[in-house]
Protein chains: 4
Amino acid sequence: MNMEMGDIARKAGLGRGTVYHYYNNKISLIEDLLIEAFEEAQKITMETLNTNESPLIRLEQYAKCQLRSWIKQPFVFILFKNLFQSEPIPIQNYDELLNNFQTHLYSPVTQAIEEGIHSGQFVSIQSETLVKLFFGTLIGTATSYIGKNNDLDEADRPNWIDDVITVLFKGLKA
Amino acid sequence: MNMEMGDIARKAGLGRGTVYHYYNNKISLIEDLLIEAFEEAQKITMETLNTNESPLIRLEQYAKCQLRSWIKQPFVFILFKNLFQSEPIPIQNYDELLNNFQTHLYSPVTQAIEEGIHSGQFVSIQSETLVKLFFGTLIGTATSYIGKNNDLDEADRPNWIDDVITVLFKGLKA
Amino acid sequence: MNMEMGDIARKAGLGRGTVYHYYNNKISLIEDLLIEAFEEAQKITMETLNTNESPLIRLEQYAKCQLRSWIKQPFVFILFKNLFQSEPIPIQNYDELLNNFQTHLYSPVTQAIEEGIHSGQFVSIQSETLVKLFFGTLIGTATSYIGKNNDLDEADRPNWIDDVITVLFKGLKA
Amino acid sequence: MNMEMGDIARKAGLGRGTVYHYYNNKISLIEDLLIEAFEEAQKITMETLNTNESPLIRLEQYAKCQLRSWIKQPFVFILFKNLFQSEPIPIQNYDELLNNFQTHLYSPVTQAIEEGIHSGQFVSIQSETLVKLFFGTLIGTATSYIGKNNDLDEADRPNWIDDVITVLFKGLKA
DNA sequence: CATGAATGAGCCTTCATTCAT
DNA sequence: CATGAATGAAGGCTCATTCAT
């Protein structure tokens with residue numbers, strides 16, 4: 001929401017007013033991008049958590065795929081950053097979006113982590129704390145890799161995703 | 001920077017114009033708060049990392065003290081959030097602040113982590129990655145606990161700091 | 001001038017840009033409509049005031065025909081409303097139009113009224129005042145009958161024109 | 001609504017933004033002015049129509065006082081012009097204002113006119129038509145006297161109000 | 001010191017107009 | 001001829017900042 005419509009237009013190679021052919025206003029532009037991001041995130045969630053693997057394997061897959069998508073589709077990252085940190089966004093159906101986030105993005109991870117705890121694969125710590133730690137680690141770490149200065153090739157730091165996941169899950173394992 | 005001067009004044013129990021008796025403008029107000037926060041953070045850094053303990057013990061102390069200070073002095077948290085995530089703040093001496101952050105807050109942690117790696121206490125992963133993971137985990141996790149809705153007593157979730165540190169360092173240990 | 005070109009185009013069953021094949025711009029569109037309306041109004045003026053009848057008869061004919069034309073050709077009504085009330089319209093040759101209005105639409109009525117006064121048919125009141133009263137009554141009353149809600153058939157209120165003219169001229173008569 | 005906030009500010013001798021200390025936005029500014037005007041109009045209505053005089057005398061008083069107030073308080077005039085002509089104004093409680101107009105400004109006149117008809121003082125014409133004629137005449141005539149070019153002293157045309165009322169009521173009388 | 005009315009730069013948004021197809 | 005995507009000038013509104021009291 002801090003971006004100016006003029007900048008957005010310029011980045012899209014358009015004039016200031018042209019953006020309004022595609023979106024009624026700034027808010028609905030953001031809304032559209034967030035909904036698109038939500039759908040992508042939900043797709044990843046379902047593909048990785050709806051398998052027969054153990055919770056640990058599933059969550060590793062989940063984390064890896066999310067991080068990769070965040071690099072390629074920064075708005076998915078922004079979606080998580082904003083909704084996880086519950087910084088209200090002044091879009092029309094914010095509550096609905098927040099609800100959907102809870103139901104379709106947050107809860108599945110919570111359930112997988114609880115499964116992991118109960119099956120003894122994960123440390124025996126309050127699941128709520130582990131979920132916050134899980135997302136916090138992914139988002140917090142990604143924040144320092146996914147910046148405005150995308151002048152760095154991923155080649156420069158090829159394995160950060162794997163490294164982060166290695167350490168994170170070593171910490172989570174029982 | 002998203003707060004309005006009117007809100008700041010009201011929270012301080014002052015009229016809109018009175019704030020300008022203490023600060024020349026919004027930027028220097030932020031600057032002052034950030035410098036104050038910087039000094040607090042630096043104090044914590046020195047007190048916890050300048051000891052004879054092993055890197056692991058020192059970093060655990062560091063992490064615990066930082067998290068505690070973030071709860072009580074949110075501006076220290078904001079300082080880390082902004083400078084670590086390199087979202088430029090339009091203050092006058094931003095580069096100087098960033099330099100000081102690098103030198104006095106970021107480097108000491110990097111050095112401790114490198115010590116930990118070389119001494120075999122920590123996993124053998126590129127130190128730069130571990131530092132980002134370290135701060136990312138602390139900041140990212142803290143973000144979901146330190147929100148605008150500070151209506152929750154810390155008593156409600158008493159051990160989250162310990163739990164986070166437990167998991168984080170289990171992941172970092174060799 | 002408050003209508004949008006998009007609405008005008010849609011009402012004409014055309015695309016937004018197509019209107020510009022027929023008119024250079026909004027102003028010349030309005031100008032054309034007003035000139036057309038002016039010619040219609042002038043026709044009525046000449047047909048009704050250029051007779052050998054008494055001023056009273058002529059002005060009654062004039063009033064009746066104008067009101068009828070206003071119902072069927074709202075732009076004639078708009079012409080009177082705007083030029084009589086001297087709300088300047090930003091068309092190119094506004095002064096010329098205003099001049100023509102004065103010369104060919106306003107003056108003939110003024111002359112007829114002055115004739116009526118001098119011949120003793122009309123009350124002995126400053127002619128300027130009577131002209132303003134005359135047009136004011138017609139335009140003001142018509143305004144409440146000629147609205148956007150043209151869902152009412154004229155059949156619903158069949159005699160308002162006659163009634164208005166009856167009362168108006170009863171007032172004007174000596 | 002066609003005025004620009006910049007013009008309004010300049011006419012008030014204020015800067016563009018200062019107007020927003022007194023009104024939240026353009027619409028509520030208009031709303032306030034209209035409500036103020038409504039109260040003035042209602043006061044005049046009550047003072048002139050709530051007497052023991054005959055309908056004719058009362059309505060003459062009413063007409064005279066309204067016209068005088070329109071000169072001195074143009075927003076009262078604007079109120080009548082807009083609500084009588086039912087050009088919807090995009091204020092928040094337009095329907096409420098319209099209702100109040102009907103109840104407290106329009107109906108009392110209608111009743112007085114109906115009284116006049118039934119008592120035989122007025123011509124026997126559908127009351128609705130007479131009301132529209134009554135307001136239409138006042139508003140339409142006033143429109144040509146109350147313009148933006150208020151450079152003309154009232155002294156220049158001292159008796160127009162009396163003349164208009166004379167003619168109007170001569171027309172209305174039985 | 002304290003205040004809030006006043007200010008205007010800057011941003012969002014609308015809409016008449018252009019132009020490539 | 002017809003179209004609608006693209007444009008930018010212009011107006012509404014916000015908010016950091018100033019200043020008279």
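A, B, ... follow the sequence lines: proteins, then strands. Residue 1 opens every chain.
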Legend entry - Between dT7(F) (P) and Arg10(A) (CZ): distance, integer Å: 13 Å
Inset, instruction - Give a yes/no answer on whether the side chain of Tyr22(C) brings an N or O atom under 4.0 Å of OP1 or OP2 in dA2(F). - result: yes
Inset, instruction - Sort and list the pairs that fulfil side chain to side chain donor-acceptor pair (under 3.5 Å) and have at least one residue in residues 73-84 of chain A, not counting sequence neighbours. - result: Glu40(A)-Gln73(A)
Using atom types as modelled, flag every donor-acceptor pair under 3.5 Å from a side chain in residues 14-21 of chain C to any protein atom, sequence neighbours excluded.
none

Inset, instruction - Figure out the CG/C1' separation between Asp7(A) and dC12(E), and round it to whole Å. - result: 13 Å
Legend entry - Rounded distance [0.5 Å steps], CZ in Phe75(D) versus CG in Leu79(D): 9.0 Å
Legend entry - Residues in ring pair (Phe, Tyr, Trp, His ring centres under 6.0 Å) contact with Phe77(D), at least two apart in sequence or another chain: Trp70(D)
Legend entry - DNA chain E: stems of at least 3 consecutive Watson-Crick or G-U pairs whose donor-acceptor distances fall under 3.5 Å: E:2-21 with F:2-21
Legend entry - Atom CD of Glu36(A) with >12 non-hydrogen neighbours under 6.0 angstrom: no
Inset, instruction - Using the test ring pair (Phe, Tyr, Trp, His ring centres under 6.0 Å), find all partners of Phe101(B) that sit at least two apart in sequence or belong to another chain. - result: Phe80(B)
Legend entry - Closest approach of Met5(C) to Lys26(C) (non-hydrogen atoms, all atoms of both residues): SD-CG, 3.6 Å
Legend entry - Atom-to-atom span, OH of Tyr23(A) to C1' of dC12(E) - whole angstrom: 17 Å
Inset, instruction - Would you mind telling me which residue lines up with the more 5' stretch of DNA chain E, Gly13(B) or Val19(D), judged by nearest nucleotide? - result: Gly13(B)
Inset, instruction - May I ask you to check whether over 12 heavy atoms, not counting those of Gln102(C), lie within 6.0 Å of atom CD? - result: yes
Inset, instruction - Quick one, give me the B/S/- string for nucleotides 12-18 of chain F, reading 5' to 3', where B means a protein heavy atom under 4.0 Å from the base and S means that only happens at the primed atoms, P, OP1 or OP2. - result: SBBSSBB
